[in-house]
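Below you'll find the structure, written out as structure tokens, and then a few comments.
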Amino acid sequence: MKYVELGKTGLKCAVVSFGGIPIQRSDAANTMAVVDALEKYGMNYLDTARGYTVSEEYLGAALKGRREKFILATKAMSRDYEGMRKDIETSLHNLQTNYIDVYQIHNLPLKDFDQVFGPDGAYKALEEAKAAGKIGHIGATAHSLDALKKLVDEYSDKIETLMFPYNIVELHGHEVLKAAQAKGMGTISMKPMAGGNLDDWNLALRFIADAGACDIAIPGMGSVEEVERNARAAEHFSPLTEEEKAKCQAIRDDLGAHFCRRCNYCAPCAVGIDIPGNFLMVNYLRKYGLSDWAKDRYKGMAHHAGECIECGACESRCPYELPIRDMLKGVVKDFGY
């Protein structure tokens, strides 16, 4: 296994490591077997979240007696001081540890920056926890390019790691992630398999390594077989051939007509629908086997695909010319509203 330093954190991380979303459809025994396999192959960076239902608890139990062998990362959606303070304590309890290596502000949009970094915001709680030794480093995750750019341009002195969608199809964050690396921020590829849309995991992971915009990639792994598959890919990283680059472009062309890159240029929606968010939730439903979790999160959204008035303004702004109105109808078909 190849290891790289995650930005300037000093953390030596496996270039392909563990994404914890699929653990939700698992059980405690399977999680133990997955962590056994991660240890065997040296995949040492484990990412989970408060929002991933049982993921923290299952991982905490599986890490007993070997916590020091792993770099542990989690994240929380809280935007205020008290909420984040409580989330940090809950994560420590669930993960059965007295420190978490990387604690991240989960899915930070532009509209929440002032609150998060304000005097009573979530960042204050993270700073206090870091000073107390409860967390080692502060990170953030984002889905919109505007939020990523703001984090890099204005908060590189506060945020040490960034997680952003990056894969064969979603390349819109490339230049900003490279700028983040230049500032010493650790960069992490989430959705390396494009939310389950890519079948050739070997090519997908090698593409990310070859592109050089992300220090590590964290494909979701819910089984020993998935760990072994990703470990095999990581053992044989090499520059892409011209033929493989052409294959990547063919995949891009094939998926491009119906694939949301979450750039958010479609906003604002006339009726307030978070269009990329709706597409993200239906992807969890379709590709991750997380039906109940996706339905619950979709229900909690302020506006749903069924509210679309088909004005078409979003499609006029989309740089990829996606048929957004038809795609929203597909979301309605899957969720029912």
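Remember, predicted model here, so these are calculated numbers, not experimental data.
- Side-chain contact between Glu170 and Phe259 is present, with at least one heavy-atom pair separated by less than 4.5 Å.
- Judged by distance alone, the side chains of Gln249 and Asp253 do bring a donor and an acceptor atom under 3.5 Å apart.
- Distance alone, capped at 3.5 Å, is enough to place a donor-acceptor pair between the Lys183 side chain and the Val152 backbone.
- A salt bridge links Asp47 to Lys75: at least one charged side-chain nitrogen sits closer than 4.0 Å to a carboxylate oxygen.
- With hydrogens and angles disregarded, a donor-acceptor distance shorter than 3.5 Å links the side chain of Asn197 to the backbone of Ala194.
- Between Lys134 and Glu89 there is a salt bridge, since a side-chain N of the basic residue sits under 4.0 Å from a carboxylate O of the acidic one.
- Side-chain atoms of Asn44 come within 3.5 Å of backbone N or O of Lys12 as a donor-acceptor pair.
- A cation-pi arrangement is found for Lys124 relative to Tyr81, the charged atom lying closer than 6.0 Å to the ring centre and inside a 45° cone about the ring normal.
- Between the side chains of Ser91 and Tyr103, at least one donor N or O sits under 3.5 Å from an acceptor N or O.
- With contacts defined as side-chain heavy-atom distances shorter than 4.5 Å, the pair Leu108/Val116 qualifies.
- Test Lys295, Lys329, Arg286 against Asp334 for salt bridge (charged side-chain N to carboxylate O under 4.0 Å, His left out) and you get one pass: Arg286.
- Asp292 has no carboxylate O lying under 4.0 Å from a charged side-chain N of Arg25, or vice versa, which leaves the two without a salt bridge.
- Thr74 and Arg50 share no side-chain donor-acceptor pair at under 3.5 Å.
- Taking 4.5 Å as the limit, some side-chain heavy atom of Pro276 sits within range of a side-chain heavy atom of Asp274.
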ring-ring contact (aromatic ring centres under 6.0 Å, His included) between Tyr123 and Tyr155, intermediate numbers included | CA-CA 11 Å; Tyr123 185 79; Tyr155 294 92; 8.1 Å; no
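- Looking at Asp200 and Lys247, a side-chain N of the basic residue comes within less than 4.0 Å of a carboxylate O on the acidic one, giving a salt bridge.
- Ion pairing between a basic and an acidic side chain is recognised when a charged N comes within 4.0 Å of a carboxylate O; Arg85 and Glu82 show such pairing.
- Neither side chain, Thr9 nor Glu160, offers a donor N or O lying under 3.5 Å from an acceptor on the other.
- Classification of Lys149 and Asp153 as a salt-bridged pair holds, one side-chain N sitting under 4.0 Å from a carboxylate O.
- Side-chain contact between Thr48 and Ile23 is absent, with no heavy-atom pair separated by less than 4.5 Å.
- Tyr52 and Trp293 have perpendicular rings, their planes meeting at more than 60° on a 0 to 90° scale where under 30° would count as parallel.
- Using a 4.5 Å cut-off on side-chain heavy atoms (C-beta onward), Phe113 and Glu154 make no contact.
- Within a 6.0 Å radius of CG in Asp27, more than 12 heavy atoms belonging to other residues, nucleotides or ligands are found.
- Taking the ring centre of Phe237 as origin, the terminal cationic atom of Lys2 falls outside the region bounded by 6.0 Å and 45° from the ring axis.
- Between Phe207 and Leu171 there is a side-chain heavy-atom pair separated by less than 4.5 Å.
- If you check the side chains of Gln24 and Thr53, you find a donor sitting under 3.5 Å from an acceptor.
- Remark: the backbone N or O of Tyr166 is paired with a side-chain donor or acceptor of Ser189 at under 3.5 angstrom.
- In this structure, Trp201 and Arg229 have side chains that are in contact, with non-hydrogen atoms separated by less than 4.5 Å.
- A 6.0 Å sphere centred on CD of Glu243 holds no more than 12 heavy atoms belonging to other residues, nucleotides or ligands.
- Residues Arg325 and Glu315 are paired through a salt bridge, judged by an N-O separation under 4.0 Å between the basic side chain and the carboxylate.
- Side-chain atoms of Asp112 and Gln115 include no donor-acceptor pair closer than 3.5 Å.
- Around the NZ atom of Lys130, the shell of radius 6.0 Å holds more than 12 heavy atoms that belong to other residues, nucleotides or ligands.
- Side-chain contact between Leu38 and Val34 is present, with heavy atoms from C-beta onward closer than 4.5 Å.
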